[in-house]
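This structure is a prediction, so every number in the text was calculated from the model and none was measured. Residues take their numbers from the sequence shown, with the count starting at 1.
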Amino acid sequence: VVHHDFWTTFAYEGLGIGLGGFILFLIPTYRNQFINTVSSLEKKVYSIIAINEIIFVLGKLGPRFAFTLAPVALVTVVNGLQPFFILVYGLLLTIFAPNIIKEDISKKELLKKFISILIIFLGIYLIGK
């Protein structure tokens, strides 16, 4: 990002993802599985996939754009808070909307999740130093 602008680096990433997908498509087993799966989908599923892809691209744009505005270490630290928020959202949805998501919120599982997040935070702290 230091030597190229945002759109150039985003284009390079897109080319890399496209090239990786193309290489996988050259393998007959993967190609046949992909074609069989796509041809068996209902039409309404395509709109859900399209919305998912738009959200994915926007999700990739955010941090990449942030890298052009702030030091990479700072952006990495802020991105590192994501697991914590995912845990909180998962807990809230499990408690208040169990029909949407049902997490295992036993003490043992919550302890493992909190320890994992603390390890991630420690790693982010060490990267930021």
Side-chain angles (χ1 to χ4, degrees):
V1 177
V2 173
H3 301 292
H4 298 288
D5 65 355
F6 168 73
W7 290 110
T8 303
T9 57
F10 189 69
Y12 285 149
E13 181 179 13
L15 285 171
I17 291 170
L19 181 62
F22 178 72
I23 290 170
L24 286 175
F25 199 72
L26 292 175
I27 301 170
T29 307
Y30 294 142
R31 181 177 56 247
N32 293 335
Q33 286 177 351
F34 176 78
I35 292 170
N36 291 336
T37 301
V38 169
S39 63
S40 68
L41 295 174
E42 295 180 28
K43 295 218 184 278
K44 65 181 179 182
V45 174
Y46 290 111
S47 60
I48 294 171
I49 292 171
I51 291 169
N52 181 62
E53 287 303 310
I54 290 168
I55 292 170
F56 170 76
V57 169
L58 291 175
K60 296 292 276 182
L61 279 172
R64 300 306 180 273
F65 185 65
F67 288 145
T68 65
L69 300 175
V72 174
L74 180 61
V75 175
T76 303
V77 167
V78 172
N79 273 341
L81 297 174
Q82 214 174 29
F84 173 74
F85 289 111
I86 290 170
L87 177 62
V88 170
Y89 293 150
L91 288 173
L92 290 174
L93 285 172
T94 298
I95 294 168
F96 296 112
N99 56 329
I100 296 175
I101 189 172
K102 185 76 173 135
E103 286 282 325
D104 183 359
I105 55 174
S106 65
K107 287 182 181 181
K108 180 181 177 183
E109 285 301 313
L110 284 178
L111 182 63
K112 282 198 282 188
K113 292 174 185 181
F114 278 117
I115 289 172
S116 299
I117 289 172
L118 286 175
I119 291 170
I120 291 170
F121 284 171
L122 177 64
I124 291 167
Y125 172 76
L126 293 173
I127 289 172
K129 272 190 114 175

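Residues that satisfy the ring-ring contact (aromatic ring centres under 6.0 Å, His included) test with Phe114, not counting sequence neighbours, are absent from this structure. Under the side chain to side chain contact (heavy atoms under 4.5 Å, CB included) criterion, Ala50 pairs with no residue, sequence neighbours left out. Listed by chain and residue number, Leu81, Tyr89 satisfy the side chain to side chain contact (heavy atoms under 4.5 Å, CB included) test with Phe85 (two or more places apart in sequence, or in another chain). The ring-ring contact (aromatic ring centres under 6.0 Å, His included) check on Phe34 picks up Phe25, with sequence neighbours excluded. Annotation: side chain to side chain contact (heavy atoms under 4.5 Å, CB included) contacts of Leu92 (sequence neighbours excluded): Val88, Phe96. With sequence neighbours excluded, the residues forming a side chain to side chain contact (heavy atoms under 4.5 Å, CB included) with Leu41 are Val45, Tyr46, Ile49, listed by chain and number.
Cluster note: Leu93 groups with Ile100, Ile101 through ILVMFWY side-chain heavy atoms spaced under 4.5 Å, whether in direct contact or through intervening members. Residue Ile27 belongs to a hydrophobic cluster whose other members are Leu24, Tyr30, with links defined by side-chain heavy atoms closer than 4.5 Å.
Val38 and Phe22 fall into different hydrophobic clusters, where Ile, Leu, Val, Met, Phe, Trp and Tyr residues are linked whenever their side-chain heavy atoms come under 4.5 Å apart, directly or through other members. Hydrophobic cluster membership is shared by Leu69 and Leu58, with clusters built from Ile, Leu, Val, Met, Phe, Trp and Tyr side chains linked at under 4.5 angstrom. In this structure, Ile95 is a member of the same hydrophobic cluster as Phe84, with clusters built from ILVMFWY side-chain heavy atoms closer than 4.5 Å. No path of Ile, Leu, Val, Met, Phe, Trp and Tyr side chains, each step under 4.5 Å between heavy atoms, connects Ile115 with Ile120, placing them in separate hydrophobic clusters.
Listed here is the closest heavy atom pair of Thr94 and Pro98: O-CB, 3.5 Å. A pairwise comparison of heavy atoms in Leu110 and Ile105 identifies CD1-O, 3.5 Å as the closest pair. Residues Val75 and Pro63 come closest through the heavy atom pair CG1-O, 4.1 Å.
A salt bridge (Lys or Arg N to Asp or Glu O under 4.0 Å) check over residues 76-102, counting only residues at least two apart or in different chains, returns nothing. Sorted by first then second residue, the side-chain hydrogen bond (donor to acceptor under 3.5 Å, both in side chains) pairs that include residues 104-120, not counting sequence neighbours, are Glu103-Lys113, Asp104-Ser106, Glu109-Lys112.
With rounding to the nearest 0.5 Å, the separation of CG in Leu122 from CG in Leu126 is 4.5 Å. The CG atom of Asn52 lies 9.5 Å from the CD1 atom of Ile48; values are rounded to the nearest 0.5 Å.
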Could you pull out every donor-acceptor pair under 3.5 Å between side chains of residues 11-19 and any protein atom, sequence neighbours left out?
from: Glu13; atom 1: OE1; to: Arg64; atom 2: NE; distance (Å): 3.2
from: Glu13; atom 1: OE2; to: Lys60; atom 2: NZ; distance (Å): 3.0
from: Glu13; atom 1: OE2; to: Arg64; atom 2: NH2; distance (Å): 3.2

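Residue Phe121 qualifies as enclosed at atom CZ: its count of foreign heavy atoms under 6.0 Å is above 12.
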